[in-house]
Amino acid sequence: MIEVKNIYKSFDGVPILKNISTVFEQGKTNLIIGKSGSGKTVLLKSILGLYEIDKGEIWYNKRNLVATPEKERKKMRREIGMVFQGGALFDSLSVQANVRFPLDMFTKMSAKEKQNRVEFCLEHVNIEPTKFHLHPSEISGGMQKRVAIARAISLNPKYLFCDEPNSGLDPETSTVIDKLIQSLTKEFQMTTIINTHDMNSVIEIGESVLFIAEGEVGWQGTNKEILQTQNEKLNDFIFANKLYAQMRREKS
Ligand SMILES: Nc1ncnc2c1ncn2[C@@H]1O[C@H](COP(=O)(O)OP(=O)(O)OP(=O)(O)O)[C@@H](O)[C@H]1O
């Protein structure tokens with residue numbers, strides 16, 4: 001579980017996050033949604049400790065990141081898996097070398113143990129062994145995302161952060177990626193936080209949805225509750241999203 005309590009973050013005196021409190025539960029896909037510029041990325045980076053917040057607390061289970069010295073923070077970071085926007089795979093490394101990379105960097109596992117772990121992770125994202133030797137440029141966008149997820153879970157993280165995991169994917173592949181993240185979250189009982197623009201993701205896997213509006217908690221609830229909401233800002237966001245999805249469908 002990750003809990004944030006009354007966090008504030010500003011840049012050069014301009015407030016971006018204003019008094020955000022929420023809980024991201026273990027074993028659930030916790031989504032953060034909101035308009036472009038609302039503060040989702042700043043929130044995600046603050047929770048990760050990439051930005052120092054002005055005020056507030058960030059609890060990773062029983063540890064408050066804000067009060068944790070840098071050396072301890074490094075240890076905490078090992079418990080975090082990240083799926084970056086676009087996948088961010090290393091082009092020059094094969095699929096399996098990409099997944100092995102964190103193991104080389106952060107563990108003292110033997111070559112055999114690493115290979116077993118790489119195979120385990122790639123199997124869990126449904127990548128066949130015939131693809132292990134390929135390079136990112138030789139596989140589809142959806143498969144690249146799956147490799148990025150395999151790499152993110154390679155160190156067996158307790159916490160998984162995904163920043164727009166569906167960017168650049170068609171709706172069908174997006175659903176596959178969403179379901180995959182959700183099933184891994186359940187299987188490994190991770191606390192998963194996903195930044196997304198995608199209303200389909202909200203409906204499919206939004207077990208807990210946090211709507212950020214102008215740096216504040218605008219609404220929080222489940223994918224079932226969101227369909228009944230009377231919250232005006234949230235409804236505007238949903239409507240704009242539907243229009244966007246429709247325009248994209250008509251264009252393709
Ligand atoms: N490093 C920074 N320095 C100054 N201002 C920043 C910085 N990072 C973000 N901001 C500002 O914070 C606000 C929120 O940005 P943020 O990137 O969190 O939005 P977002 O909701 O993630 O948007 P998007 O969906 O487009 O990624 C914006 O006004 C942005 O300009």
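All values derive from a computational prediction rather than experimental measurement. In listed order, ligands and their atoms are each counted from 1.
Listed by number with element, the atoms of ligand 1 under 4.0 angstrom from any heavy atom of H197 are 25 (O). Of all atoms in ligand 1, numbered sequentially from 1 with element shown, those under 4.0 Å from a heavy atom of S38 are 19 (O), 21 (O). Shown in contact with K35 at under 4.0 Å from a heavy atom are these atoms of ligand 1, numbered in order with element: 21 (O). Here is the list of ligand 1 atoms found below 4.0 Å of a heavy atom in Y51: 1 (N), 8 (N).
Side-chain polar atoms of S174 and N200 form no donor-acceptor pair below 3.5 angstrom. Side chains of E25 and S208: a donor-acceptor N/O pair is absent below 3.5 angstrom, by distance only.
Counting only heavy atoms of the protein, atom 20 (P) of ligand 1 lies nearest to G37 N, 3.5 Å. When hydrogens are left out, the protein atom nearest atom 24 (P) of ligand 1 is S36 OG, 3.6 Å; that is the closest non-hydrogen contact. Summary of contacts: the protein heavy atom closest to atom 7 (C) of ligand 1 is F11 CE1, 3.4 Å.
Distances from atom 17 (O) of ligand 1 to the heavy atoms of I32, I33, T41 show the closest one on T41. Proximity annotation for atom 15 (O) of ligand 1: of V42, N195, D163, V42 comes nearest, heavy atoms only. Of the candidates L50, I16, V14, it is I16 that places a heavy atom closest to atom 11 (C) of ligand 1.
The shortest distance between side-chain heavy atoms of K131 and V147 does not fall below 4.5 Å. Two residues are said to be in side-chain contact when any heavy atoms from C-beta on lie closer than 4.5 Å; I194 and P165 meet this criterion.
Protein non-hydrogen atoms do reach within 4.0 Å of atom 26 (O) of ligand 1. There is no protein heavy atom less than 4.0 angstrom from atom 30 (C) of ligand 1.
Note on V23: it does not cluster hydrophobically with I193, by side-chain heavy-atom contacts below 4.5 Å among ILVMFWY residues.
For G34, the heavy-atom gap to ligand 1 stays at 4.0 angstrom or more.
Figure legend: K9 and F11 shown as a cation-pi pair, the cationic atom lying under 6.0 angstrom from the six-membered ring centre and within 45 degrees of its axis.
Between E216 and K233, none of the side-chain N atoms (NZ, or NE/NH1/NH2) sits under 4.0 Å from a carboxylate O, so this pair counts as no salt bridge. A salt bridge links E70 with R77; the closest basic N to acidic carboxylate O contact falls under 4.0 Å.
When atom types are taken as modelled, the side chain of N64 and the backbone of W59 share no donor-acceptor pair closer than 3.5 angstrom.
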